Every structure is written in C-alpha cells, then in structure tokens.
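Note that the structure is a prediction, hence the values are computed from the model and not measured. Lettering follows sequence order; numbering is per chain, from 1. Just the heavy atoms: all of them, side chains too, but no hydrogens, waters or symmetry mates, feed the values below.
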Amino acid sequence: MMPTQPARVRFAPSPTGRLHIGGARTALYDFLYARKTGGQFILRIEDTDRKRYDPEAEQEFYETLRWLGLDWDEGPDIGGPFGPYRQSERMEIYQEYILRLIDAGSAYYCFCSAERLQQVRELQQKRKEPPHYDGHCRTIPPDEAKQRVAAGEPSVVRFKVPRPGRTTAVDLLRGEIAVENSSIDDYILLKSTGMPVYHFAAILDDHLMGITHVLRGSEWLPTFPLHVLIYEAFGWEQPVWVHLSVLLNPSGKGKLSKRHANAEKSGSRAVFALDLREMGYLPEAVLNWIGLMGWSYDDHQEFFPMDEFISKFSLEKLNPSPAAVNFSKLDHFNGLHIRALSTDELTNRLVPFFEQAGLPAEREMISEITPLVQERIRTLDEAVEMARFFFKEEIPVDREDLIGKNLSTDESAHALEQAAAVIESLNSLEQAPFEQALRDLADDLDLKAGQLFGMLRMAVTGQRVSPPLIESMTIVGREKVLDRIQKATTILRQSG
RNA sequence: GCCCCCAUCGUCUAGGGGACCAGGACGUAGGCCUUUCAAGCCUAAAACGGGGGUUCGAAUCCCCCUGGGGGCACCA
C-alpha cells in the first residue's frame, strides 16, 4: 500500500491532570500515523489555563509516553524547528495574530464584565434560550475600542462569527457537518489576562507548526465549525480533521473521565495510563488494548506488535462510535504479550516486581523461574505471588492442607516420607528421571500421581496453586525440599 | 432547554445493496489435555433498537422515532 505524504501530527495535552487511557489512545494514533507516513509526531503542551495548571502533569506526560514507547520528534523538552512547544511560551505569537484578526474585522474587543455576562446567561436560561454572548460589544467602532483598551480598560477579544451564514466543517470519519452560524457563539479568543483560549491557541499553533492531521477527542465536535471559521478568517488551509470517539466507562454509561478515576481504581482498574505499569501490565499490551477501542484492521487480527501496528494502521478504519472500555480484554492482551516475550526479556520485566515485593531476587534466580510462570501469568505481579515460596525460608502450612486427597493422615505422612526417601536416593534432580521416580513411587503406593503431587506441592511450596512441581522442586533444591517435606511429615505425625 | 455526534452478540468489532440462516475477539458455559493453576485446542449460547421508504433484493442507502454519548466557561 502506498503511504500518503509525510504527516505532521501532534499530541497536545493540557497539564491539568494525569494522562488517562483516552489520552494515551489519542497519542498512540498520532504516533502511528506519523510513523506510518514517515512524518513527525509532535508533543505540545497546552498550558494556557493557569488556574488548573498542575506542575507535575507535564513530567508525567513524558514518563507515560516514554513508558509506552511513543517517542516524539519535537516537543518542549527536546525542541524542534517550530518551537516553543509550550503554549505559555508563545504569548507574543498569540498577541501578534489576534491583532491581525481584529484588524481584519474578524475579532473584536469586548468590555463586558463577568457580572453582566452572568446576568445575560441567567436571563437566557429563564427564557429557555441556549446560553450565548448577546453581542453587546460587537458593534463598538474599532477605533473607540482601541482607545478604551489603550486607556487600560479590562477587555477580552471575541471572535466575530459571520452572521448570517452557515458553516460546513469536514471530519474525515463523519463527512460534512453543517451548522447555522447563529448557533455558534462569539467565543472569547483572548482572555483579559492576555492568555489565549484553546479555540485560538490550538488553531494557531496547529497552523504555525505545520500540522497536517488533527486527531482529537469528539468533545471538540460542537466547536468544530468555530475552528473552521477561524481558519477561514486567516485564509489558511485546513488540516485533515479526525474526531476520535470517546471512551466510555465499562458499564457503557458516561464517558471515562478523571472524575471516575478513584472509583475505577478501587475496582483494581485504572484509568490513568501510568497506574497500569505498577499493576503489571506491559506497555505493548496496553497499546494493543487501547488501540483496538475505536480502530480495527480486519475481521481476524487483534494481536498487534508495534511494527505491525504501524504498517497496518489507517485513519479510515477509525470508528466514530463511542466505545466502553473492557478491562478483562486488557488482561487477555497482557497474557498474549507476556507469552510473546523472550524469556530473557520477560525476566527483565519481572525483576522490578520482585524487588518491589522486597524479595531477595537475583536476576539469575528469576531467570530460572521465568519459564515456569510465562505460560500462566496475566500480569507481571502475579509472578511474584506464584513464585513467592522460592524465596521463603519457612513455609507455613496447615495440617489439613497437607492431607492428600482421599487419604488419611497416616497415609499422607507415609507417602511424604517415601517421597523424601526417593528424592534422597536420586543422583540428581534432573527433570525426567525425577518425575519418573515420583510416578513410580505413586504406583508403588497405589496412589494417583495427582494425589502424591498435590501433597508434595503443599509441603514444598505451601501453595495450592504453583508452577509445575518437578521444575519447582529442582529450583528450590534438594536440601530445602527434603527439609520442607520433613517438616510437613512432622506436622502430620503430631497429635494425630 | 438548545446544538452536534453515534447506533451489529453483555463488551470491542468485521460488514460499505445480493458472497450473511451475519464473521472474529474478550467474557460466559461445556469438553479435551493435564501433577495444581494456567496456557493450548474443540464446542455452545449470544446481535443487525423500532417504524416507514428506495430497490427484484437492505445489517448495508434515505427519513422519522427511540436509545446512547458529547457540548453549550475569560477549562481544555
């Protein structure tokens, strides 16, 4: 398939909070399209809202994006030919362009106080009208307005929506969206502080930074025509607009948002991308998961390593309808990606989790454990639970748990003693002969292999569920195995 | 209230007039395998929201209704 022209695509989060999976998904699509077309993936920080500004957010954006492997080509931290990439550092640019708009008659100063605006809104609400600016300052002669501004009167700048009129905006996924201009408000472009508002800053920066494709959330659909009007006022060519579907809560009720963050997390689910890391999810699995909410390739492939994601991604296959997130599918993808890792690489990913758990985990030890758990874990932290017994000196076990299935206490103790004898007699705990010896023992004792293995599992690991027994015992080592079996029989022989 | 968007199994989706008694995936149920748990394999239940058109023919095109979502700030 012939790729299109190199695209310049931007991810432009606002540092008002942590990056959630919806944002991560947008970043993924941005990244994929830029890489697919051989273009650039640009990171821009939209920090024009100083009231909601969170100083830690920007750093977390970096950390999240880096963890996910979505590397950007231009951004606040690495610069680039179209900087600065932080909107708060682009004030002069906004000043210059707002003047152009005013001079062209496409924007005007507004001196209405917050109180008056509030009154207007209340009145409109009483009359059941949609709240909007009433155009009070729209007709002030430009010269007079400039004088008042020069005299120091507080003001904002509003966009002068052409009236009457009708505006058609084109979204790649939805086609033409036409609205009456009467339904578009004279939005504020520049606040009284001189700070631009999203509607102005984003549009300006997208153009100035040469953005060719704008991928953003569908919450921008209502103001989409306004944005088109601003492009037209400047006489600029528009980018390709793509409004992404929103992510809904697992219930499908309401959009997944920061408001639900705590509730979601308490259910051991996270809406913040970085939390997924601590929960034992692989970045490639997270990407695979979020990528498939709102995008699909065909009717059978769902597993996408990054290289295939890039080669097979296309904007046209994006789905405009909202999608409810499904966390169990994340588990599924995580399992798939864990199994796709080389054991060496899995070991790398596992090490931090063992360290985190405070276990004396040496890489060499973990690399022995890795193949035993690779097939059976869905999240990395599960490996720790499953393998905990490898690191413990003492294995606390209840007496009842040690009794074999359908066996008496006495029979159980006897079987364990016999097993210990067999293990002691072996030259080495080499896999195949070791297993055979135990199976032979089970036969001799007239037990099913499962009965014997079950008791040994409990005695040696202290767990009902564990990695394969033979391999586990080999790793634990003969001495410790015998010691644990010995302790188990002692418990069984006690106060029978 | 007004404006905008969306609509296939519980969920994510394939489908772009006949190839669909609608395919895949997660989950669920059952089975096989099996030293536990998984993994793997097999099977099953499960959907085109409703009503009108257009057409020889509609999940696919149009309209209405309904439902869901989003937005209506000197927030993004």
Integer angstrom distance from the C1' of B/rG50 to that of B/rU8: 15 Å

Sugar-phosphate, base or nothing in reach of A/P468, heavy atoms under 4.0 Å: base

Euclidean distance for P, B/rA47 against B/rG23 (whole angstrom): 11 Å

Euclidean distance for C1', B/rG57 against B/rC20 (whole angstrom): 14 Å

Touch class at under 4.0 angstrom, heavy-atom based, for A/D49 against every strand present: sugar-phosphate

Intermediate values then yes/no, ring pair (Phe, Tyr, Trp, His ring centres under 6.0 Å), A/H243 and A/F224: CA-CA 9 Å; A/H243 292 88; A/F224 182 20; 4.5 Å; yes

B/rA38 - base-pair partner by Watson-Crick or wobble geometry, distances under 3.5 Å: none

Touch class at under 4.0 angstrom, heavy-atom based, for A/V179 against every strand present: sugar-phosphate

Stretch residues 180-192 of chain A: residues that reach within less than 4.0 Å of RNA chain B through a heavy atom: A/I188, A/K191, A/S192

Gap in Å between the two C1' atoms, one belonging to B/rC64 and one to B/rA76, rounded: 36 Å

Touch class at under 4.0 angstrom, heavy-atom based, for A/T48 against every strand present: sugar-phosphate

Touch class at under 4.0 angstrom, heavy-atom based, for A/E302 against every strand present: base

Whole-Å C1' distance, B/rC63 and B/rA46: 31 Å

Sugar-phosphate only, base, or nothing, as touched by A/L469 at under 4.0 Å among non-hydrogen atoms: base

Donor/acceptor link under 3.5 angstrom from A/R376 side chain onto base of B/rC37: yes

Sugar-phosphate only, base, or nothing, as touched by A/K51 at under 4.0 Å among non-hydrogen atoms: sugar-phosphate

B/rA14 OP1/OP2 closer than 4.0 Å to side-chain N/O of A/S296: yes

Sugar-phosphate, base or nothing in reach of A/P467, heavy atoms under 4.0 Å: base

Nearest-nucleotide 5' precedence on RNA chain B, A/H199 against A/L330: A/L330

B/rG16 to B/rC33 separation - P atoms, rounded to the nearest Å: 41 Å

First encountered from the 5' end of RNA chain B, between A/F333 and A/E471: A/F333

Touch class at under 4.0 angstrom, heavy-atom based, for A/V156 against every strand present: base

Neighbours of RNA chain B within residues 110-133 of chain A, by heavy-atom distance under 4.0 Å: A/C112, A/R121, A/K128, A/P130, A/P131

Nearest-Å distance once atom C1' is located in both B/rA19 and B/rC12: 25 Å

Quiz item: A/E375 side-chain donor-acceptor pair to B/rG40 base, under 3.5 Å: no

Sugar-phosphate only, base, or nothing, as touched by A/G294 at under 4.0 Å among non-hydrogen atoms: sugar-phosphate

Touch class at under 4.0 angstrom, heavy-atom based, for A/G454 against every strand present: nothing

A/F61 and A/F11 aromatic centres sub-6.0 Å: no

Where A/I184 and A/R163 come nearest, the two heavy atoms and their spacing: O-NH2, 3.0 Å

Note: A/E345-A/R349 ion pair, threshold 4.0 Å (strictly below): yes

Pair assignment for B/rG57, Watson-Crick or G-U wobble, requiring both distances under 3.5 Å: none

P-based separation of B/rA73 from B/rG67 [nearest Å]: 25 Å

Touch class at under 4.0 angstrom, heavy-atom based, for A/R464 against every strand present: base

Sugar-phosphate, base or nothing in reach of A/S466, heavy atoms under 4.0 Å: base

Nucleotide forming a Watson-Crick or wobble pair with B/rC20, both distances under 3.5 Å: none

Touch class at under 4.0 angstrom, heavy-atom based, for A/N319 against every strand present: sugar-phosphate

